[in-house]
Amino acid sequence: MKVCIVVGTRPEIVKMSPIIKELVKQRLNHFVLHTGQHYSYNMDGIFFKELGLKKPKYNLKIGSGTQGDQTGRMLVKIEQVLMKEKPDVVLVQGDTNTVLAASLAAGKLHIRIGHVEAGIRSFNRYMPEELNRILVDHISDYLFAPTKNARRQLIKEGIDPKKILVTGNTVVDAVLNNIKIAKRRASALRELELVRKNYMLLTMHRQENVDNKKRLSSILKGITLLHKNVKMPIVFPAHPRTLKMISRLRLKLPECIKTIEPVGYIEFLQLEANASLILTDSGGLQEEACILKVPCITLRDDTERPETIEVGSNALVGTNPKLINKFGTKMLRKNTDWGMPFGDGKAGIRIIKAICHDF
Ligand code: UD1
Ligand code: UDP
């Protein structure tokens, strides 16, 4: 059996790392194909280094572009690699353009597709990610659902239950594998002059928020209100997309926000674990906040991680300034004894076992 692991962006590297490590540990034949959708060192290279992963065998250096241009260029180049390498299975993770392009290329070459984190839905087709997830789930051969809820959704959409396996989310594996290292190296707070459990951590990069002047200004207003109210510093490792859009839309980041470059996974886990509150529109952060027992507010109108709302670790607040302030204040006082909806940290092992079983 020969496995091709495809990655393209920061979260894919994090969430595929437990699977790659398991393939290495079991000495299974595999290679990593990186589309290069993310390419800045602090969005890409640093993750391979910190997670102890080898350089990918292929880096297609696709870079940025419009939805169609980026996806199209990936499709052409991924097909070339797959025709040369002839893997038996292609594993993709999540909902990026990389995932869509790799799945389409593999499916048309009759190579089996395994979709890690299958079946999650925001039910908002305005998001490029929602279209990617739906399309990929419907052409996949193995659907690795992170939760029972995701499995139910796939069955509702008519997918054969025999193809679905509930594995938990590999993000739990990644957090558990790296949090001890993060705790040992705990220097991030000192360097940023932050005090444990006395600051808020902000990230945002979703297209529907940061490419929209009205929504982005509204979020910034809400964060300013919350800061005035609770008087805690806010640290913001800013995604390059967000900085680009703030400048293009001629907006200004409020002074209460301490903006820094994106940081590597180990430093970021320290910032997450020690924060009083996480404010985000990221998918991965909603999960990691829940795992690390840090309350979270999500700056979106919908979420494909409803389990976080159900257990009470997350509040969906949208972009209304008053609601950001109200729920931010409320979540800061939240008791953090919620349950863990994303599995036991053995998702990577289960996924490898499932594909090995068929060969
Ligand atoms: C992509 C994914 C999104 C995921 C996010 C993770 C899609 C449709 N979107 O969004 O689902 O949550 O990655 O972070 O696949 N840029 C850089 N350096 C980089 C990467 C990007 O400067 O290494 C800048 C460029 O200006 C680029 C912009 O960020 O145009 C957006 O990058 P892109 O990969 O298209 O989308 P993301 O917003 O990162
Ligand atoms: N992350 C990081 N450094 C940062 C911001 C995020 O290491 O400065 C990690 C975070 O811990 C999580 C992943 O990147 O594992 C989330 O990526 P992102 O928010 O870009 O994408 P999404 O999860 O929304 O697809």
Side-chain angles (χ1 to χ4, degrees), residues 7-18 34-47 49-51 61-71 73-74 92-102 117 120 122 126-133 136 169-175 177-179 182 188 192 201-211 235-248 259-273 275 278 280-289 291-292 294 296 298-300 303-305:
V7 295
T9 66
R10 166 169 83 181
E12 291 164 76
I13 306 167
V14 170
K15 288 176 168 178
M16 275 299 201
S17 66
H34 189 346
T35 61
Q37 178 171 345
H38 283 180
Y39 46 86
S40 304
Y41 178 69
N42 56 14
M43 298 293 290
D44 171 27
I46 193 166
F47 292 90
K49 183 168 160 252
E50 289 196 341
L51 294 165
K61 296 196 172 8
I62 297 296
S64 311
T66 62
Q67 295 290 322
D69 168 70
Q70 189 181 53
T71 312
R73 284 185 293 115
M74 284 177 190
V92 294
Q93 192 287 327
D95 51 27
T96 64
N97 289 343
T98 291
V99 172
L100 176 62
E117 206 178 72
I120 69 173
S122 66
Y126 191 68
M127 295 174 74
E129 292 87 352
E130 183 75 352
L131 298 183
N132 292 345
R133 289 178 200 124
V136 172
N169 196 311
T170 56
V171 74
V172 182
D173 313 26
V175 169
N177 291 342
N178 293 287
I179 191 72
L192 293 164
L201 174 67
L202 166 69
T203 80
M204 58 174 158
H205 70 279
R206 286 258 94 74
Q207 176 180 300
E208 60 274 21
N209 277 342
V210 305
D211 291 15
V235 62
F236 176 37
H239 191 292
R241 176 187 206 116
T242 311
L243 291 184
K244 182 175 82 178
M245 291 315 297
I246 283 176
S247 146
R248 195 174 284 175
T259 306
I260 59 172
E261 291 278 316
V263 297
Y265 196 50
I266 300 298
E267 204 173 323
F268 196 72
L269 279 177
Q270 292 170 25
L271 291 178
E272 282 186 291
I278 292 178
T280 196
D281 62 10
S282 155
L285 259 81
Q286 294 173 60
E287 295 158 351
E288 288 176 350
I291 298 163
L292 293 166
V294 179
C296 177
T298 294
L299 309 164
R300 289 173 47 187
T303 178
E304 55 298 280
R305 273 88 178 173

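What you see is a predicted model; the values in this text were computed from it and never measured. Order of appearance sets the numbers: ligands from 1, and atoms from 1 within every ligand.
- Of the protein's non-hydrogen atoms, the one nearest atom 30 (O) of ligand 1 is Lys244 NZ, 2.9 Å.
- When the ring pair (Phe, Tyr, Trp, His ring centres under 6.0 Å) test is applied to His239, the partners found at least two apart in sequence or on another chain are His38, His205.
- Atoms of ligand 1 lying under 4.0 Å from at least one heavy atom of Asp95, given by number and element, are 11 (O).
- Atoms of ligand 1 found under 4.0 Å from any heavy atom of Arg206, numbered from 1 in the order shown, are 3 (C), 4 (C), 11 (O), 12 (O).
- The contact shell of ligand 2, taken as protein residues with any non-hydrogen atom closer than 4.0 angstrom, comprises Arg10, Pro11, Val14, Phe47, His205, Arg206, Pro237, Pro262, Val263, Gly264, Tyr265, Phe268, Glu272, Ser282, Gly283, Gly284, Leu285, Glu288.
- For ligand 1, the atoms lying closer than 4.0 Å to a non-hydrogen atom of Ser64 are 25 (C), 27 (C), 30 (O).
- Close contacts between ligand 1 and Thr9 involve ligand atoms 13 (O) [criterion: under 4.0 Å to a heavy atom].
- Every side-chain contact (heavy atoms from CB on, under 4.5 Å) that Ile266 has, sequence neighbours left out, goes to Glu50, Asn178, Ile181, Ala182, Arg185, Gln270.
- Residues Ala289 and Ile278 come closest through the heavy atom pair CB-CD1, 3.8 Å.
- Not counting sequence neighbours, the partners of Arg241 by the salt bridge (charged side-chain N to carboxylate O under 4.0 Å, His left out) test are Asp211.
- Scanning all protein heavy atoms for the shortest distance to atom 22 (O) of ligand 1 gives Pro240 CB, 3.2 Å.
- If you check the side chains of Thr303 and Thr298, you find no donor sitting under 3.5 Å from an acceptor.
- On a distance-only criterion, Asn97 and ligand 1 share at least one N/O pair closer than 3.5 Å.
- Shown in contact with Gln70 at under 4.0 Å from a heavy atom are these atoms of ligand 1, numbered in order with element: 34 (O), 35 (O).
- For ligand 1 and Ser40, the ligand atoms under 4.0 Å from any heavy atom of the residue are 17 (C), 18 (N), 19 (C), 22 (O), 23 (O).
- Of all protein heavy atoms, the one closest to atom 31 (C) of ligand 1 is Arg241 NH1, 3.6 Å.
- Among protein heavy atoms, the minimum distance from atom 3 (C) of ligand 1 is reached at Glu129 OE2, 3.2 Å.
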